[in-house]
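What follows is a set of notes on a single structure, which appears directly below.
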Amino acid sequence: MSGTARIAGKVALVTGAASGLGEAIVRRFVREGAHVVLADIDEAGGQALADDLGRAAAFVSLDVTSEPQWIAAFERVEALHGRIDVLVNCAGITTIGSVEDLALDAFRHELDVDLAGVFLGCKHVIALMKRTGGSVINIASMASIRAAHYLAAYNAAKAGVTHMTKSIALHYAREKYGMRCNSVHPGVIHTPILDKVLAQSDNPDALYAEWVAGHPIGRIGKPEEVAALCLYLASDESAFATGAEFVIDGGSSL
């Protein structure tokens, strides 16, 4: 599919960019004219994708739980492009476990990656993005709206992202930075992380069938569908949207 240059000339940083949702977002952004810095803890995968995409893409290694690495990532963006227009906080993990089963260390690790990682991105992007304004897109989940008994940590982290996004949007507006912040809430999407979640299950076939059945639309989602929504939020078409929850979940949260 060819692009329509909806974000031509914009500079974006996408975390979790080496695969899954992040990869789909990166590919769509590049196709629509953006310069994209891919950030991921998977150095081999991230660099390979950047090489495949050519001059419009560059890679930076980033563990989203590390504040110094976040600072270094934005320094890299500034060195390459002198500005940033879009930040997509997409990196994340999903840990299966109920409040009874889950170990405290696993709970804390989920919050570190899925919540604190988003906080650090939203915090440290300010210094560069406030010069020109821009859009911050936080990937939350339908699981932040509708809880599951076996996702105690994931539910907590993504619910935190949802409400934190609103707080951040208010701060950006109050300070007149020209920055927006919105959250995206996908349902179950067919990505590599899905296979990792299934691998943690005692009955993966039953779990997959449960996911499909939980989506009134009759299927799970595609990464490209979430990327299309992120494109809208990255573009000037969404200039009046901030602090909002954009749900794309096949009706699963109804």
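Please read these numbers as outputs of a predicted model, since none were measured by experiment.
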Cluster link [X] to [Y], ILVMFWY, side chain under 4.5 Å:
X    : Y    : value
V184 : M142 : no
L194 : Y150 : yes
V118 : V113 : yes
V188 : I96  : yes

Do [X] and [Y] get their side chains close enough for a donor-acceptor pair, meaning under 3.5 Å?
X    : Y    : result
D63  : S66  : no
T165 : N138 : yes
R146 : S252 : no

Nearest heavy-atom pair of [X] and [Y]: which atoms, and what distance?
X    : Y    : result
N182 : A244 : OD1-N, 3.0 Å
L115 : A157 : CD1-O, 3.9 Å
A24  : A227 : O-CB, 3.6 Å
L62  : T15  : CD2-CG2, 3.9 Å
L87  : M129 : N-CE, 3.9 Å
L233 : R180 : O-NH2, 3.2 Å

Check whether any side-chain N or O of [X] sits under 3.5 Å from a backbone N or O of [Y] as a donor-acceptor pair, and report yes or no.
X    : Y    : value
S253 : D249 : no
S201 : L198 : no
K10  : F29  : no

Quick check for you: to the nearest 0.5 Å, what is the distance between [X] atom [atom1] and [Y] atom [atom2]?
X    : Y    : atom1 : atom2 : answer
H171 : C181 : NE2   : SG    : 11.0 Å
I168 : F119 : CD1   : CZ    : 7.5 Å
Q200 : T95  : CD    : OG1   : 6.0 Å
I126 : Y172 : CD1   : OH    : 4.5 Å
I41  : S61  : CD1   : OG    : 7.0 Å
E224 : I25  : CD    : CD1   : 10.5 Å

Check against side-chain hydrogen bond (donor to acceptor under 3.5 Å, both in side chains), S144 and H185: CA-CA 8 Å; S144 65; H185 300 255; 3.0 Å; yes

CG (N203) with more than 12 external heavy atoms under 6.0 Å: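 Atom CG in N203 is crowded, with more than 12 foreign heavy atoms closer than 6.0 Å.
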
Stepwise salt bridge (Lys or Arg N to Asp or Glu O under 4.0 Å) check, E245 with K166: CA-CA 9 Å; E245 302 171 27; K166 299 178 188 302; 3.1 Å; yes

Derivation of the salt bridge (Lys or Arg N to Asp or Glu O under 4.0 Å) call for R219 and E225: CA-CA 13 Å; R219 63 174 175 85; E225 293 167 327; 2.7 Å; yes

Pairwise side-chain contact, D51 with F59, heavy-atom cut-off 4.5 Å (strictly under):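 Counting from C-beta outward, D51 and F59 never come under 4.5 Å.
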
Pair listing, salt bridge (charged side-chain N to carboxylate O under 4.0 Å, His left out) test, anchored in residues 89-108, at least two apart: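 Sorted result for residues 89-108: empty, none.
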
V14: which of V26, L21, L38 passes side chain to side chain contact (heavy atoms under 4.5 Å, CB included):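 When side chain to side chain contact (heavy atoms under 4.5 Å, CB included) is applied between V14 and each of V26, L21, L38, only V26 qualifies.
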
Pair D85-R131, salt bridge (Lys or Arg N to Asp or Glu O under 4.0 Å): steps then yes or no: CA-CA 10 Å; D85 304 291; R131 300 177 190 174; over 6 Å; no

